[in-house]
There are 2 protein chains.
Amino acid sequence: VIQRLSREQQLIQDIFAPLAADNPGAFGLHDDAALLTCDLDTDLVITKDALVEDVHFYADDPPDLIARKALRVNLSDLAAKGAEPRHYLLSLALSERCDRTWIEKFAEGLAQDQAAYGCQLMGGDTVSSRGSISMSITAIGTVPKGEMKRRHGAQAGHLIYVSGTVGDSLLGLKVRGGELFHGPSTASDRAFLADRYLLPQPRVDFVPAIRRHASAAMDVSDGLVGDLELLCAASGMSGEVDLTQVAFSPAARSILEGGLTTLEELVTGGDDYELLFTVPPNSVYAMEGAARRLSAPISRIGRVISGSDAPSFFGEDGALMTFEKPSYSHLD
Amino acid sequence: VIQRLSREQQLIQDIFAPLAADNPGAFGLHDDAALLTCDLDTDLVITKDALVEDVHFYADDPPDLIARKALRVNLSDLAAKGAEPRHYLLSLALSERCDRTWIEKFAEGLAQDQAAYGCQLMGGDTVSSRGSISMSITAIGTVPKGEMKRRHGAQAGHLIYVSGTVGDSLLGLKVRGGELFHGPSTASDRAFLADRYLLPQPRVDFVPAIRRHASAAMDVSDGLVGDLELLCAASGMSGEVDLTQVAFSPAARSILEGGLTTLEELVTGGDDYELLFTVPPNSVYAMEGAARRLSAPISRIGRVISGSDAPSFFGEDGALMTFEKPSYSHLD
């Protein structure tokens with residue numbers, strides 16, 4: 001059948017439809033909407049995060065990395081809920097600088113992460129923007145029925161864990177903005193940190209362990225301290241946290257020791273995309289074993305206690321720390 | 001429990017959480033993701049459309065109308081698939097001009113349309129933008145299992161229909177841009193047209209009739225001619241369309257007759273958000289009766305024929321019309 005497509009439609013068919021090729025409910029991106037079938041044994045978990053130019057990325061960042069970050073911040077939310085990634089929808093607002101090569105690179109990034117994480121494009125749209133580039137992804141994952149992990153569920157005596165290292169992305173943003181080029185950091189430290197800002201590593205491989213062993217979980221995206229306050233509040237609990245137990249990367253540690261950042265800054269900055277979770281004492285052995293088998297570091301940083309106060313955070317020499325601003329906030 | 005919230009979190013709890021209050025899977029917008037449960041008798045239909053400043057709306061448009069347009073363009077896609085709206089997720093990138101009052105008005109618009117269309121907020125996020133305002137909505141609807149309406153399914157002899165009037169939104173955009181202020185249009189015509197641009201009327205009330213009587217359906221969002229070409233192509237069919245049978249509003253007709261627009265422009269402009277659908281001959285009586293009962297005008301504009309050519313469009317005096325650009329395209 002002869003079909004005249006607009007440039008927009010042609011672009012979608014050429015560049016984005018291949019990303020949906022193995023997703024029957026996407027109908028080759030040829031229809032107004034996608035079909036999401038369900039089965040009785042499964043719940044769907046859905047999340048949606050936007051990225052905008054000059055906030056979450058810079059317009060001259062490699063387009064494939066922008067795309068992968070957009071997908072990964074959503075996969076991090078799914079992982080925190082114990083959900084395996086399945087589908088995603090993309091809305092992409094393109095500015096004038098986004099030529100066909102840019103868009104192709106963007107789609108290549110998505111293709112790479114689809115393969116890595118086992119999910120497929122399902123729909124969305126592409127629009128032109130007179131101003132900045134922006135995008136949002138809606139990601140859909142599955143959990144066995146009734147097994148979505150929540151932020152509540154932490155009980156007194158449960159241990160508090162965080163995966164990976166914290167604060168790297170915040171420092172990476174500074175590197176990206178031209179800071180930290182003098183002093184204690186090396187070129188390879190700076191490259192490592194910039195990469196942590198550009199390309200989060202969502203802990204999708206943790207999904208089975210989170211589902212099996214965690215009592216509560218969330219992803220750390222707005223700062224460890226503020227996010228832990230939310231988890232404790234959601235659980236109706238308080239907590240005691242030893243911030244000296246939080247793992248920092250060698251790069252972050254050398255900048256910290258060089259006096260160019262502070263413990264406070266590292267544990268209240270955003271964009272970590274690590275997992276914060278609590279584990280009942282009788283599951284600690286199993287959870288730590290699972291993390292070892294994944295070669296994925298987790299740090300036991302504190303414990304849940306009863307009470308209605310915000311959790312207490314202790315720093316060097318066991319001193320109680322207070323935080324004026326426990327989270328990154330978009331609207332401050 | 002004492003809880004310190006950032007300004008962003010406080011805003012979400014104050015302004016957006018009430019929109020999710022009756023949606024159990026949204027968890028009060030207190031978690032990383034939402035839970036979408038399924039049942040055996042139902043399929044979910046999902047769609048996602050973005051709106052950006054200076055393309056789909058202007059920054060000084062009333063925020064409640066911007067919000068309602070963002071929701072409605074998605075509900076229009078669901079309606080075209082025969083799906084009842086249920087849930088939606090919102091990503092909102094706020095520029096500096098969006099103060100608390102702006103955001104409250106925006107949420108009021110959503111509240112109004114949630115009540116009108118029977119859907120509920122389920123999740124999303126709010127971020128700051130250094131540039132323009134942008135947003136996207138992911139809307140989720142339900143259809144009885146296997147009954148999602150598709151673009152294919154039109155067969156030779158089926159009649160082609162379009163709901164409502166076409167071209168008003170395109171003229172409304174011109175009015176909004178300061179055009180059409182002289183000549184044949186009256187102030188009330190201009191207000192009507194501007195309103196059609198600002199606030200689409202998704203044909204959600206058509207959902208049962210579309211599901212029961214249409215053989216193929218899509219929403220008209222990029223221009224009637226181009227969209228009908230897509231529907232025919234998806235069905236592997238051609239068509240014959242009498243464009244003089246398309247309904248135009250009195251306002252559009254007076255501008256057309258005054259020579260300030262053309263038939264071609266009206267049937268190839270975007271943003272109509274009407275339904276385009278085909279009906280087998282033995283369902284024509286039932287479909288037209290259903291439309292009458294809804295007091296919703298539909299126009300029979302042509303019929304599907306076999307063939308692999310693009311459909312033929314006839315204008316005044318039965319003359320064959322050709323269109324250089326059958327659709328609005330974001331990337332031309």
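Sequence lines set the chain letters: A, B, ... in the order given, protein chains first and strands last, and positions in each chain run from 1.
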When B/Gly123, B/Ser136, B/Gly131 are compared by non-hydrogen pairs under 4.5 Å with chain A, the top option = B/Ser136
Tell me, out of B/Thr42, B/Asp43, B/Leu92, who's got the most heavy-atom pairs with chain A below 4.5 Å.
-> B/Asp43
Residues forming a ring-ring contact (aromatic ring centres under 6.0 Å, His included) with A/Phe57, sequence neighbours excluded | none
State which residues pass ring-ring contact (aromatic ring centres under 6.0 Å, His included) with B/Phe16; sequence neighbours excluded, sorted by chain then number.
-> none
In terms of heavy-atom pairs under 4.5 Å, which option from [options] contacts chain B the most?
options                             : answer
A/Gly25, A/Ser132, A/Gly28, A/Ala34 : A/Ala34
A/Asp219, A/Thr37, A/Leu78          : A/Asp219
A/Val52, A/Asp77, A/Val143          : A/Asp77

Which portion of [X] sits near chain B, non-hydrogen atoms under 4.5 angstrom:
X        : result
A/Met135 : neither
A/Leu90  : backbone
A/Ala217 : backbone

Under 4.5 Å from a heavy atom of chain A, the part of B/Ile133 involved = neither
Contacting moiety of B/Met148, where chain A heavy atoms sit under 4.5 Å = side chain
Is any NZ, NE, NH1 or NH2 atom of the basic residue among B/Arg150 and A/Asp31 found under 4.0 Å from an Asp or Glu carboxylate oxygen of the other?
-> yes
Does B/Lys48 pair with A/Asp125 as a salt bridge, N-O distance under 4.0 Å?
-> no
Distance in Å, [X] [atom1] paired with [Y] [atom2], rounded so as to fall on 0.5 Å steps:
X        : Y        : atom1 : atom2 : value
B/Leu89  : A/Thr138 : CG    : OG1   : 6.0 Å
A/Asn74  : B/Asp32  : CG    : CG    : 11.0 Å
B/Asp49  : A/Thr126 : CG    : OG1   : 10.0 Å
B/Glu229 : A/Gln9   : CD    : CD    : 9.0 Å
A/Phe27  : B/His152 : CZ    : NE2   : 7.0 Å

Non-hydrogen side-chain atoms of [X] and [Y] separated by less than 4.5 Å:
X        : Y       : answer
B/Cys38  : A/Asp39 : no
B/Val127 : A/His56 : yes
A/Ile46  : B/His87 : no

Indicate yes or no for a side-chain donor-acceptor contact from B/Arg130 to the backbone of A/Val55 under 3.5 Å, with no hydrogens or angles considered.
-> no
Check the side chains of A/Ser6 and B/Ser327 for a donor-acceptor pair under 3.5 angstrom, ignoring hydrogens and angles.
-> no
A/Leu36: which of B/Ile140, B/Val45, B/Leu44 passes side chain to side chain contact (heavy atoms under 4.5 Å, CB included) | B/Leu44
